[in-house]
Each structure stands twice: as C-alpha cells, then as structure tokens.
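None of the values given here were measured: they were computed from a predicted structure. Every heavy atom of this structure was used, including side-chain atoms; hydrogens, water molecules and symmetry mates were not.
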Amino acid sequence: MLDFTYGKIPPSNGKAIALLNDKFNIDYKPTIVPYDGYQEKMSTTIAGGDMPDVMGIEEYLAAGSLHKWAEQGAFLPLNDYIEKYPSLALVPPEIWAAVTNKDGKIWGIPRYYPNTPTQSWVIRQDWLDNLGLKMPTTYDELAQVAIAFTKNDPDKNGKNDTYGLVMGPGGAPGYGMGAYWDRDTWYHKDKDGNLIPGYISDARKENVTLFADLYKQGAINKGFGANASFEVGQSDFYNNKAGIFMGGIRGMDENLANSLLSVAPNAKFSSIPPFKAPDGTQGLTAQRGYYRITVLNAKLAGDEGKIDRILSLVDFGRTFIPIDQRTPDNETFDFRSGKLNAGYTFENGAATFTQPDQGLLVSSYLPDSNMWAPSVLDNKYSDTTQNPLLKEYVKQLENEYANYEEYVDPQYMGYSETLNSNKGADAILKVSDAQVKMIMGELPLTSWDKMVDDFMKSGGTDIIKEMNESLQGRTLIGFKKMGQ
C-alpha cells in the first residue's frame with residue numbers, strides 16, 4: 001500500500017502492523033510518505049507499471065492524470081464488490097458517479113468527507129436585535145442589513161467602527177445564498193443548453209452589482225482585493241467589527257469565538273438560511289462528499305481472496321463508530337486505536353492518542369481510516385462543540401441540513417482537462433480579478449460582457465465544452481434532501 005500523510009510519518013515496522021497482520025491474515029507492507037513530493041512518486045510508480053496493490057490518491061493533486069489512468073484501465077473495477085461491504089454500500093450514487101468511467105466502471109473508493117454546504121453564513125443576531133431588524137431573506141434585505149450594520153451603531157458603543165460584509169482575496173466568500181447564486185457551482189445554462197460555471201452567470205452579475213454598491217457605501221471592508229489576506233477579514237469579524245461572514249457545521253475556530261466573547265460578552269450568532277431563488281429553488285450547494293480516493297491495482301483481477309482481504313481492511317477502517325461508543329469497551333475503537341494503554345490512554349471519558357510516528361496507532365496504517373457516517377448528523381458536531389457561541393450556531397446548521405435540500409454540483413461527476421490545467425486556472429483568475437475590481441469600483445460594471453468574452457477566449461470555451469461532454473449520459477442529481 002502506498003499513501004501520503006500531512007502529519008508525522010508512521011514507521012514501516014510499527015507494532016500496529018503486526019496487529020493488522022494477525023487480524024486480517026495478511027502480509028501488510030504500507031509505505032506512507034509526506035504529502036510534499038507524493039505526486040511525483042505516485043505518477044512515477046503508476047507510469048512505471050510498478051503500482052502496489054492499494055494506493056491513495058488526492059484527486060486535486062493528480063487531476064490531470066487521474067482520469068487518464070482510470071480510462072486506461074490502471075485501476076481494478078469495483079462494481080461487483082460494493083454491496084458486499086457495508087461502508088461501501090453507504091456511499092450515495094452521485095459520489096460513485098464521480099469515480100465512474102464513461103463505460104460505467106467504478107475505479108476508486110471515495111474517502112469520507114461530510115457533504116454539508118460548501119459555505120454557510122453567520123450573522124450577528126445580537127446586532128440584528130439591537131437594531132430591531134429581521135433575518136434577511138433576500139439580497140435586497142441583506143444589503144439593507146449590511147448598510148445598517150455599517151451606519152447605525154449595531155454594537156451600541158457610540159462609535160462608527162463597524163461594517164456589514166467581510167470579503168477577502170478574490171472576493172471570497174462569494175455570499176451565494178443558494179446554489180442559484182453560487183459562483184463556483186455549475187447551475188445555469190447558456191443559450192445552447194450547456195451548463196456553465198456560476199462565475200459567468202447573470203446571477204453572479206447581479207450579485208457583483210449589489211456588492212459594488214455596498215462597497216461604495218462602506219458596508220464591505222476596504223481594500224479586500226488581491227493584496228489583502230483572508231485573516232484580516234476573519235479578524236474583523238471576531239474582533240466585533242463586522243457583522244456577516246461565513247461559518248460552517250465543523251471546523252470553526254473555538255479560540256476565535258472565545259476572543260469575540262471576551263470583547264462582546266453578549267454576542268450571539270445565527271445562521272442565514274438559504275434564499276428562495278427566482279426559479280423557486282431554495283438550497284445551498286453540497287460539498288462533493290468525499291476527499292481522496294483509494295484505488296486497487298487492476299492486476300488483482302481474478303485473485304478474489306486477495307481482493308476480499310484488501311476490501312475487508314478498507315471496510316474496517318471506514319466502519320462508523322457512534323460518538324458515544326468511542327471508548328475502550330468498543331472492540332473496534334480499541335483495536336483501531338492500537339489497544340488501551342499502548343496506542344492510547346483513556347481518562348475522564350476522553351481518549352489521548354499516541355503520535356503516528358510511534359507506530360502504535362492502527363488507524364495510521366489503514367488504507368482508509370475515515371469512518372463513513374450514515375448521515376452527517378451522526379457526527380453530532382453540536383454535541384462535540386464546546387464554545388457556547390458556536391454550539392448554538394452549529395445546532396442551527398444541523399437543523400438546516402435536516403430541513404433543506406442541497407444542490408449536487410454536476411462538476412463533481414464531470415471533468416475538464418482545461419479546467420485542471422494552468423490555462424484554466426489563469427482564465428478563472430482573470431475573471432476573479434475583474435470581479436474584484438468591479439466591486440471596488442476600479443472597473444465599470446459595463447465591462448462584464450468583455451470579461452466573459454475574454455474568459456471564453458482564454459480557455460472558457462474549452463472548459464464548458466469538455467465539462468458538458470464528460471457529463472453526457474450521466475444522471476444529474478440536482479437538488480437532494482441530505483441524508484437520502
């Protein structure tokens with residue numbers, strides 16, 4: 001097995017390997033290397049015909065080659081095995097579609113990543129309450145709130161020291177209050193019926209126009225463009241200077257939330273629910289639902305015993321253990337953690353794990369150690385969030401996840417070689433730069449059509465053509481109730 005890690009490197013002779021050999025009756029030889037340099041090692045390995053039985057691949061790292069390798073038959077087709085292994089059977093069809101060839105062969109196993117919205121939105125509820133304002137449900141209302149947060153002293157300190165919307169480099173976050181407006185989502189179509197990226201859509205043009213007016217009125221932080229940093233805007237939000245920013249159901253920084261409470265003890269967050277779009281839809285874009293892929297060598301075909309051992313090992317690592325069962329009494333948790341008082345200790349209801357480079361953590365050696373939750377809600381993010389400000393906010397996001405639909409972006413199932421090349425990256429960067437300048441008043445809004453035309457000439461035509469061709473014959477999901 002060949003894979004990479006972002007952290008400390010587990011040794012090739014770690015004691016945990018012996019545990020895996022005994023449990024699965026295998027001779028396991030994992031090679032785990034640093035992320036830096038992995039692409040070259042992986043590409044050389046596959047091109048040289050010396051691919052191991054199992055390999056981990058980051059789709060972004062290998063985007064230019066991954067689909068070619070799959071089409072050339074480098075990876076074992078997995079269609080006949082999915083229903084035999086519980087954690088594989090949990091994967092929804094749209095995620096399998098992302099690792100399926102045009103001829104219908106599933107060539108990889110996606111590793112779990114929650115399919116929550118790509119971005120969620122957080123607003124200072126205490127500022128709304130101080131000004132007697134309601135939660136915005138349209139962009140016009142959002143603009144009114146942003147201006148009020150800028151001009152009406154929402155924190156009641158008698159100073160003109162607040163503003164509405166935080167923006168950072170590239171105009172991020174884009175404040176797409178629904179998939180319809182999401183600048184990174186392939187939602188809209190051109191006159192020929194081809195799907196197009198949101199950043200050249202009329203919906204995005206409307207938003208850029210609105211943001212330009214807000215910027216002129218001081219409701220967006222000055223100088224947020226290419227030379228600014230994301231951390232500056234984030235600091236403004238958590239230092240009680242800005243009222244609207246992006247949030248998330250997981251990964252929010254509790255230290256930052258604590259710092260806000262230290263200067264604004266009465267601060268309260270609320271989630272801004274998705275707006276209802278002109279076409280009647282109401283939901284955000286879902287994340288792709290996976291990150292990294294496990295592939296098996298095509299040369300394993302016919303060796304069913306070995307394939308079963310590999311997939312049993314993969315399935316074990318992906319098996320979900322409920323939060324409240326992650327204790328030494330749970331045999332699976334205890335084993336994957338390297339056994340109590342060896343790979344980990346357990347005191348006061350919490351586990352403390354040894355570092356991977358000690359070679360004692362079984363999970364460090366698994367081909368896939370990302371437990372596949374039957375539903376995002378099974379991760380119980382609000383239960384494991386300690387900060388009171390974030391805890392209530394995360395509960396709101398969990399309710400939204402349960403009650404709203406999310407849009408499954410077709411680009412997750414498609415592929416454009418140009419999009420994943422330097423040419424495509426440059427073309428998109430020019431669009432982003434132009435939109436930032438429009439918002440900041442450095443380019444007239446009337447230059448929108450020229451921006452789109454330049455994008456098309458710089459590679460956009462190929463990106464749209466290739467993406468749509470790759471999606472032909474595939475079933476596009478559209479909006480979907482999450483967890484179904």
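Centroid-to-centroid, the aromatic rings of Y28 and Y365 stay 6.0 Å apart or farther. Ring centroids of F24 and F316 are separated by less than 6.0 Å, placing the two rings close together. Taking the ring centroids of Y290 and Y113, they lie at or beyond the 6.0 Å cut-off. A centroid separation of less than 6.0 Å is found between the aromatic rings of W372 and Y112.
Between I307 and G302, the shortest heavy-atom distance links the atoms CD1-N, 4.5 Å.
Between F75 and L296 there is no side-chain heavy-atom pair separated by less than 4.5 Å. Residues W121 and I244 fail the side-chain proximity criterion, which asks for heavy atoms closer than 4.5 Å. Here the side chains of L313 and I26 are in contact, with some heavy-atom distance below 4.5 Å. I9 has its side chain out of reach of V33: every pair of non-hydrogen atoms, C-beta onward, lies at least 4.5 Å apart. Using a 4.5 Å heavy-atom threshold, the side chains of Y393 and M252 count as touching.
Applying the salt bridge (Lys or Arg N to Asp or Glu O under 4.0 Å) test to every pair with at least one member in residues 305-317, sequence neighbours left out, gives these pairs: D53-K306.
Using modelled atom types and a 3.5 Å distance limit, the side chains of T385 and E254 yield no donor-acceptor pair.
In this pair, Y407 and F479 present their aromatic rings tilted. The plane angle is within the 30 to 60° band. Ring orientation note: the planes of Y38 and F4 are tilted relative to one another, at an angle of 30° to 60°.
In this structure, the salt bridge (charged side-chain N to carboxylate O under 4.0 Å, His left out) partners of K423, at least two apart in sequence or on a different chain, are D462. With sequence neighbours excluded, the residues forming a salt bridge (charged side-chain N to carboxylate O under 4.0 Å, His left out) with K457 are D453, listed by chain and number. Residues passing the side chain to side chain contact (heavy atoms under 4.5 Å, CB included) test with S382, sequence neighbours excluded: V394, K395, E398. Under the rule for a salt bridge (charged side-chain N to carboxylate O under 4.0 Å, His left out), the partners of K29 that lie at least two apart in sequence or sit in another chain are D27. K102 is linked by a salt bridge (charged side-chain N to carboxylate O under 4.0 Å, His left out) to nothing, counting only residues two or more places apart in sequence or in another chain.
Atom CG of D192 has more than 12 neighbouring heavy atoms from other residues, nucleotides or ligands inside a 6.0 Å radius. Under a cut-off of 6.0 angstrom, the local environment of CG in N422 is sparse, with at most 12 non-hydrogen atoms contributed by other residues, nucleotides or ligands.
A cation-pi geometry, defined here as NZ or CZ lying under 6.0 Å from the six-membered ring centre and within 45° of its normal, does not hold between R204 and F455. The cationic group of R183 does not satisfy the cation-pi geometry with Y175, failing either the under 6.0 Å distance to the six-membered ring centre or the 45° limit from the ring axis.
In this structure, the side chain of N468 does not engage the main chain of N194 through any donor-acceptor pair within 3.5 Å. Checked by atom type and distance alone, the side chain of E466 pairs as donor or acceptor with a backbone atom of T418 at under 3.5 Å. In this structure a side-chain-to-backbone donor-acceptor pair under 3.5 Å is missing from E405 to G283. Distance alone, capped at 3.5 Å, is enough to place a donor-acceptor pair between the S458 side chain and the D454 backbone. Under the 3.5 Å distance criterion, the side-chain polar atoms of N25 are left unmatched by any main-chain donor or acceptor of N21. In terms of modelled atom types and a separation under 3.5 Å, the side chain of D236 and the main chain of V166 share no donor-acceptor contact. Between the side chain of S432 and the backbone N or O of I428 there is no donor-acceptor pair closer than 3.5 Å.
A salt bridge links K68 and E417; the closest N-O separation between the charged side-chain nitrogens and carboxylate oxygens is under 4.0 Å.
Among the candidates P117, P274, S120, the single residue satisfying the side chain to side chain contact (heavy atoms under 4.5 Å, CB included) test with E400 is P274. None of I249, L397, L284 except one satisfies the side chain to side chain contact (heavy atoms under 4.5 Å, CB included) rule with T116; the exception is I249.
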- prompt: Given the rule in the salt bridge (charged side-chain N to carboxylate O under 4.0 Å, His left out) test, do R111 and D3 qualify, once you have shown the distances and angles that lead to the verdict?
  reply: CA-CA 13 Å; R111 301 185 188 182; D3 207 347; 2.9 Å; yes

message: Show, in sequence, the C-alpha distance, side-chain angles and deciding distance for E94 and R288, and conclude whether the salt bridge (charged side-chain N to carboxylate O under 4.0 Å, His left out) test is met.
response: CA-CA 9 Å; E94 66 271 16; R288 65 175 59 228; over 6 Å; no

